Amino acid sequence: MELASRFVGFGHHTTTTTLRYDHDQRRRPCSWTGIEKKIPFPRNRIASASAYPRFLSQLNKDSPRPKTYQEVTKSARQMFAREISIQSKDSEISIAKVLFYIAAEDEAFMSFNRERDAQSLMNERESTQDQSDPSETDAEELLQLDGKCISDWLSEIDAISKDVEAELVSRDIGCHMVQVLEAVNVVLFDLRGFKRTSITLDPEHSYLHSVLNCRRSTAFLISVIYIEVCKRLDVPIVGSPVGEDFLIWPKTEYPEELFKVTSGQSLFSIANGRCVDDPGSMASDLTAKSLQDLDIATNRDIIGIALANLIRLHWRRATKSSPGLMLTSPLSQLNNISSSNCPLLRPQDLRLAIAAAERLLILQPHNWALRRDLGMMLYYDRQYGEAVQELSICMAFAPPEEEAVLKSFVERLHLLRLISSLKPLGSDRLTVP
């Protein structure tokens, strides 16, 4: 089961529909190699849809530092793909490192936009000041996150684990599980001031390096930090999505030990905080028996949840001027499909949502619902050719009833793509569709 699917929903919070990316997977299993037989696209074009950041097509010779941004984003995507490849054992995948690669690619894209905006402003002011050649800047400078390279950010997590060790030494106690987790809590929440927050639209709370800086995030990313710190202490922590929460606990063959109350708290509540005692949370109903029925998230699952959360975050930010807009709405409004009826969304957040979906497809290449959503985002971004490609591939995997709807939509997209490429009569330049 693709656990990431439980964390994805699009639209305004009052009308959000959760999209289950694992829908009908067991009923209709898919083979990735089957794409080549059903869809007349070369394999390299199919792979490139996820393995190469699409926004790089925006870069041209007039863009600021085009080669540098290309190197950074392409390298970050390649390192991401290599780390989570099927050749890697799940237990050997570094969740933290992968999340830093994700942040590095997105930060390069946002830096590109900031620099392009600044360059446009300078051009408008017709500045005559001498400018240094931006092409001389080392690509490593952009690969950094808030002035630190990825190895430095990994060292930040190492430092937290060392602080936990120091806390245990200062107490002069043995390494019993309760004491270890209590020491982790003291360091994370008391000494360093980390806090769990509700879901927000602030990207600062959604990228691991930013969370390590601002020390505020949803329970999910705080749990990721918790897992990474305990991993360095040789205390294996596992987790699973439960309702809107992502719950963690020490790996054990005796789950009843997790719910024994010691010093007023159980191991389970020490690791998960207030949600365990919240009557409105599904976590409050868990017992040792029901805990065993949960699907333990693999490292790939956790990375998938992080990416699904980024899709949701950036889609909601992109549609802020059109609250309640659903990705799949055009599929039920075929008579209204046109470039003029396509709502204008925030381009940067829309393209960040597209990038997150591309990376998630590397993890879940057979996921028809995810590929459909990527195709719909490309439609909203007016990348009609790419949308046709992704939705055509999606039809090879979709259930029959979905395939019929997608087929009609793709036929209209073909026409829209043709119309948008035509040069208007009496015009010396193409208009933006």
Side-chain angles (χ1 to χ4, degrees), residues 5 8 10-11 17 19-21 23-25 27-52 54-55 57 311 315 318-319 322 325-345 347 350-351 353-358 360-362 364-422 430 432-433:
S5 64
V8 180
F10 302 101
T17 298
L19 303 180
R20 291 192 57 96
Y21 285 150
H23 179 66
D24 279 341
Q25 295 288 330
R27 183 175 67 81
R28 191 179 183 187
C30 303
S31 168
W32 179 235
T33 56
I35 291 178
E36 299 171 19
K37 299 177 182 179
K38 291 191 174 187
I39 303 297
F41 294 129
R43 183 182 180 89
N44 62 335
R45 284 186 64 190
I46 294 171
S48 66
S50 298
Y52 193 77
R54 274 193 174 88
F55 96 87
S57 63
I311 296 173
W315 174 253
T319 59
S322 303
L325 179 65
M326 307 302 291
L327 265 176
T328 55
S329 294
L331 296 178
S332 60
Q333 302 169 1
L334 294 180
N335 293 330
N336 294 323
I337 300 301
S338 70
S339 59
S340 60
N341 287 338
C342 187
L344 291 175
L345 308 183
L350 179 56
R351 287 164 191 164
I354 289 171
E358 289 174 347
L360 189 50
L361 268 176
I362 298 176
Q364 304 172 14
H366 56 280
N367 190 326
W368 73 267
L370 173 60
R371 194 173 292 277
R372 176 202 62 196
D373 292 348
L374 173 59
M376 296 307 299
M377 283 188 276
L378 291 168
Y379 158 72
Y380 280 110
D381 198 36
R382 292 170 168 74
Q383 298 185 53
Y384 301 127
E386 290 82 355
V388 165
Q389 176 176 317
E390 293 299 338
L391 293 174
S392 298
I393 297 172
C394 173
M395 286 191 291
F397 299 121
E401 62 275 13
E402 297 284 348
E403 182 181 358
V405 174
L406 288 169
K407 183 177 180 181
S408 298
F409 184 75
V410 168
E411 288 172 354
R412 290 182 177 269
L413 268 189
H414 274 297
L415 181 59
L416 186 58
R417 178 188 181 188
L418 177 62
I419 294 173
S420 66
S421 65
L422 295 178
L430 290 177
V432 178

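These numbers were taken from a predicted model, which means no experiment stands behind them.
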Revision key, fill the gap. When every non-hydrogen atom of Ala387 is compared with those of Gly375, the smallest separation belongs to CB-O, 3.4 Å
Review point. Got a second to check how far Leu370's CG is from Leu361's CG, nearest 0.5 Å?
Key: 4.0 Å
Check your understanding: Which heavy atom of Arg417 sits nearest a heavy atom of Gly385, and at what distance?
Key -> NE-CA, 3.6 Å
Exercise for review: Report the C-alpha distance between Glu411 and Leu415 in whole Å, list the side-chain angles of each, state the deciding distance to 0.1 Å, and finish with yes or no for side chain to side chain contact (heavy atoms under 4.5 Å, CB included).
Suggested key: CA-CA 7 Å; Glu411 288 172 354; Leu415 181 59; over 6 Å; no
Practice item. Mind telling me whether Tyr379 and Tyr384 have parallel, tilted or perpendicular rings, with 30° and 60° as the class edges? Key: tilted
Check your understanding: Passes side chain to side chain contact (heavy atoms under 4.5 Å, CB included), Asp381 versus Glu386? Steps please.
Key -> CA-CA 10 Å; Asp381 198 36; Glu386 290 82 355; over 6 Å; no
**Study point:** Euclidean distance, Met376 CE relative to Met326 CE, rounded to 0.5 Å
**Key:** 11.5 Å
Exercise for review: First locate atom CZ of Arg371, then atom CD of Gln389, and finally report the distance between them rounded to the nearest 0.5 Å.
Suggested key: 8.5 Å
Point to revise | Nearest heavy atoms of Pro330 and Tyr380, plus distance in Å | key: CD-OH, 3.2 Å
**Study point:** Heavy-atom side-chain proximity of Trp315 to Leu325 below 4.5 angstrom
**Key:** yes
Review point. Roughly how far apart are Glu402 CD and Thr328 OG1, rounded to 0.5 Å?
Key: 8.5 Å
Review point. So which heavy atom on Ala356 is nearest to which on Ile311, and how close?
Key: CB-CG1, 3.6 Å
Review point. Distance from Leu391 atom CG to Phe409 atom CZ, nearest 0.5 Å?
Key: 6.5 Å
Review point. Any idea which heavy atoms bring Leu374 and Ala357 closest together, and the distance?
Key: CD1-CB, 4.0 Å
Study note, to complete from the structure: For Ser408, the side-chain contact (heavy atoms from CB on, under 4.5 Å) test, sequence neighbours excluded, returns Leu334
Review point. If you round to the nearest 0.5 Å, how far is CD of Glu390 from CG of Leu413?
Key: 12.5 Å
Practice item. Answer whether the closest heavy-atom distance between the side chains of Leu416 and Arg382 falls below 4.5 Å. Key: no
